[in-house]
Amino acid sequence: MLAPSSQAGIVRTGRSRRILAICPNAVLAAAALGGLVWIPVLKTIGAVLFLAAGGLLLVRDVGATVKVLARFWYVLLLPLYCLASSLWSDYPALTFRFSLQLLMTVAIAIVIATRLSPASFHRVLFVVFLSIMAASLAAGNVRGFDGSWLGIFASKNALAAASVIFLVLTTAAAFDRSAPRMLRAVALIGLPVGLVLLVMSKSAGAVLIAGPVLATIPVLVLSRHLTTRQGIATAALALVVFALAGALMLALREQLFAALLETTGKDVTLTGRTDLWRIAFSHISERPFFGLGYQAFWVRTSASAEAIWRMFGIEGRGGFNFHNTYISNAVELGLIGVAIQVFLLYGALLLTAVWAIRSHRAEAACLFALVLMVAFSSFVEVPVFFQFNIATVNVICALVFGVRARTEARRQPVLSA
């Protein structure tokens with residue numbers, strides 16, 4: 001069983017005396033994660049809070065920090081490659097600055113995942129998202145033309161993504177037998193709140209992703225009651241069902257596509273994504289291996305970006321992307337950068353899947369579901385591998401926890417449940 005270097009909780013010292021033990025690592029991690037999650041409200045202050053709390057976590061034990069960063073050197077390849085792209089970037093100063101910020105984000109995520117247990121990480125993240133969901137429910141802020149709920153966020157998609165993460169955290173907490181009763185009770189109350197906010201955001205894509213992502217948690221946790229043969233048979237059956245569903249969706253893709261467009265009110269190119277991808281591929285063909293440089297495309301004064309903003313009427317000239325993680329990153333980082341990102345994302349997915357199947361622990365299933373959510377959405381959005389981005393931190397932490405679980409599995413036949 002993975003365990004943190006220090007613990008927090010109530011220590012009984014006698015019949016009437018209780019001492020509340022507070023783990024500094026958990027406090028600093030909560031402050032750092034809280035800064036990230038509250039960035040929609042706090043803006044720059046949220047990023048500063050993340051860097052300040054995360055920085056304190058880094059320097060609290062410099063020797064341990066150096067060791068874990070050296071151990072997980074391959075995770076740092078991405079930000080270091082982004083930093084190197086400053087050498088060929090069209091906007092080297094911007095690329096250098098954003099790459100340093102990404103390097104700090106990844107380094108802090110690695111340290112968080114080595115100073116906390118997976119259960120502590122799950123519970124800290126749950127409390128942080130509980131606060132932002134409560135604020136979004138109280139804030140209201142309905143968008144005028146379609147009536148979608150925004151809460152404290154600037155867009156319905158941002159609220160929808162946060163709602164799905166919150167639902168993953170609450171579902172895992174509800175199935176966590178080791179969690180305090182109070183936390184499980186709050187999770188049961190939080191589930192309908194998360195569902196309401198998700199539905200009120202009116203994001204069809206998030207709703208489609210939420211179903212299969214949330215379904216994985218009870219399946220992984222409750223499969224502990226199955227024998228080995230039953231588990232293999234269940235997994236085989238699930239693969240067959242998914243394969244048949246995929247084949248059916250492929251055969252009926254035109255009808256499903258038309259129904260989705262009618263439901264969401266989008267145009268036949270899904271908000272012009274095919275036009276965007278055509279432009280992206282033209283840039284990829286020019287610099288296929290190294291790209292234009294990290295975050296060196298969507299820059300004001302960039303002729304290509306300005307043309308796209310005018311084409312789609314984006315007056316603010318921001319908050320726009322190629323609506324596909326791999327295409328977008330191929331433009332900026334080339335095929336080399338995409339290969340590194342695929343290694344990190346799907347490495348985290350595989351490791352957490354194996355860990356969850358072996359241990360049946362709620363926190364393992366939670367981390368797998370968080371990464372699965374990113375993997376699903378990566379084909380239609382660009383949700384990950386940015387500085388000061390909670391999805392990026394979740395994926396990096398999941399990867400590190402997965403590696404830690406694999407190391408523990410080598411020392412004992414199965415992770416303790």
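All figures in this text were calculated on a predicted structure; none of them were measured in a lab. The basis for the numbers below is simple: all heavy atoms, side chains too, and nothing from hydrogens, waters or symmetry mates.
- Residues Leu222 and Phe175 are in side-chain contact: their nearest non-hydrogen atoms beyond the backbone lie under 4.5 Å apart.
- The nearest pair of heavy atoms linking Glu381 to Thr325 is O-OG1, 2.8 Å.
- A heavy-atom distance below 4.5 Å is found between the side chains of Phe386 and Gln295.
- The two residues Ala206 and Leu198 make their nearest non-hydrogen contact at CB-CD1, 3.8 Å.
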### Task
For side-chain contact (heavy atoms from CB on, under 4.5 Å), just list the numbers for Phe290 and Leu333, CA-CA rounded to whole Å, side-chain angles, deciding distance to a tenth of an Å, and then say yes or no.
CA-CA 5 Å; Phe290 298 101; Leu333 298 175; over 6 Å; no
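- Between Val393 and Leu36 the shortest side-chain heavy-atom distance falls below 4.5 Å.
- Ala29 is linked by a side-chain contact (heavy atoms from CB on, under 4.5 Å) to Ile112, Leu116, counting only residues two or more places apart in sequence or in another chain.
- Between the side chains of Thr65 and Arg115, a donor-acceptor pair is found at a separation under 3.5 Å.
- Counting only heavy atoms from C-beta outward, the side chains of Cys366 and Leu370 approach each other to under 4.5 Å.
- Inter-residue side-chain proximity for Val354 and Leu350 is flagged as met; some heavy-atom pair is nearer than 4.5 Å.
- Proximity of a side-chain donor or acceptor of His122 to a complementary backbone N or O of Leu169 within less than 3.5 Å is detected.
- Closest of all the heavy-atom pairs between Leu349 and Ala375 is CD2-CB, 4.5 Å.
- Note that CD1 of Ile39 is 9.0 Å distant from CD1 of Ile390, once rounded to the nearest 0.5 Å.
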### Task
Starting from the C-alpha separation in whole Å, work towards a yes-or-no answer on side-chain contact (heavy atoms from CB on, under 4.5 Å) for Thr407 and Arg71.
CA-CA 12 Å; Thr407 302; Arg71 178 187 176 187; 3.2 Å; yes
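- The side-chain heavy atoms of Phe388 and Gln101, taken from C-beta on, include a pair separated by under 4.5 Å.
- Atom NE2 of residue His283 and atom CD1 of residue Ile279 lie 7.0 Å apart, to the nearest 0.5 angstrom.
- Contact record, Ile217 with Ala172: CG2-CA, 3.9 Å, taken as the closest heavy-atom pair.
- Between Thr352 atom OG1 and Ile357 atom CD1 the span is 9.5 Å, to the nearest 0.5 Å.
- Interatomic distance, CZ of Phe368 versus CG of Leu351, reported as 11.5 Å (0.5 Å rounding).
- Around CG of Leu56, the count of heavy atoms belonging to other residues, nucleotides or ligands within 6.0 Å exceeds 12.
- No donor-acceptor distance shorter than 3.5 angstrom exists from the side chain of Trp277 to the backbone of Ile327, with no hydrogens or angles considered.
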### Pair Val186-Phe126, side-chain contact (heavy atoms from CB on, under 4.5 Å): steps then yes or no
CA-CA 10 Å; Val186 173; Phe126 170 76; 3.9 Å; yes
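- Formation of a donor-acceptor pair under 3.5 Å by the Arg404 side chain with backbone atoms of Ala113 is found in this model.
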### Trp38/Ile132 under side-chain contact (heavy atoms from CB on, under 4.5 Å): CA gap, chis, key distance, verdict
CA-CA 7 Å; Trp38 278 88; Ile132 203 166; 4.2 Å; yes
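- No side-chain heavy atom of Asn389 sits under 4.5 Å from any side-chain heavy atom of Thr105.
- Taking the salt bridge (Lys or Arg N to Asp or Glu O under 4.0 Å) definition, one finds that Asp61 meets it with nothing, sequence neighbours left out.
- Side-chain N or O atoms of Lys156 include one that pairs as donor or acceptor with a backbone N or O of Lys202 at under 3.5 Å.
- For Ser99 (side chain) and Pro79 (main-chain N/O), no donor-acceptor pair under 3.5 Å exists by modelled atom type.
- Listed by first and then second residue, the side chain to side chain donor-acceptor pair (under 3.5 Å) pairs that reach into residues 328-346 are Tyr326-Tyr346, Asn329-Gln341, sequence neighbours excluded.
- Thr171 places no side-chain N or O within donor-acceptor distance of the main-chain N or O of Val168, the cut-off being under 3.5 Å.
- Although no hydrogens or angles enter the test, the distance criterion places a donor-acceptor pair under 3.5 Å between the side chain of Asn324 and the main chain of Phe379.
- The closest side-chain heavy-atom distance from Ile308 to Phe297 is below 4.5 Å.
- When all heavy atoms are compared, the tightest approach of Leu197 to Leu159 is O-CD2, 4.2 Å.
- With hydrogens and angles ignored, the 3.5 Å screen pairs a side-chain donor or acceptor of His360 with a backbone N or O of Leu220.
- No hydrogens or angles considered: nothing links the side chains of Ser136 and Trp149 as a donor-acceptor pair under 3.5 Å.
- Between Arg60 and Asn25, the shortest heavy-atom contact is NH1-OD1, 2.9 Å.
- For the atom pair Arg184 CZ and Arg177 CZ, the distance stands at 9.0 Å (nearest 0.5 Å).
- Side-chain atoms of Ser89 never come within 3.5 Å of backbone atoms of Ser85 as a donor-acceptor pair (strictly under, hydrogens ignored).
- Here OH of Tyr294 is found 10.0 Å from CZ of Phe385. Values are rounded to the nearest 0.5 Å.
- Here Tyr91 and Trp298 keep their ring centres 6.0 angstrom or further from each other.
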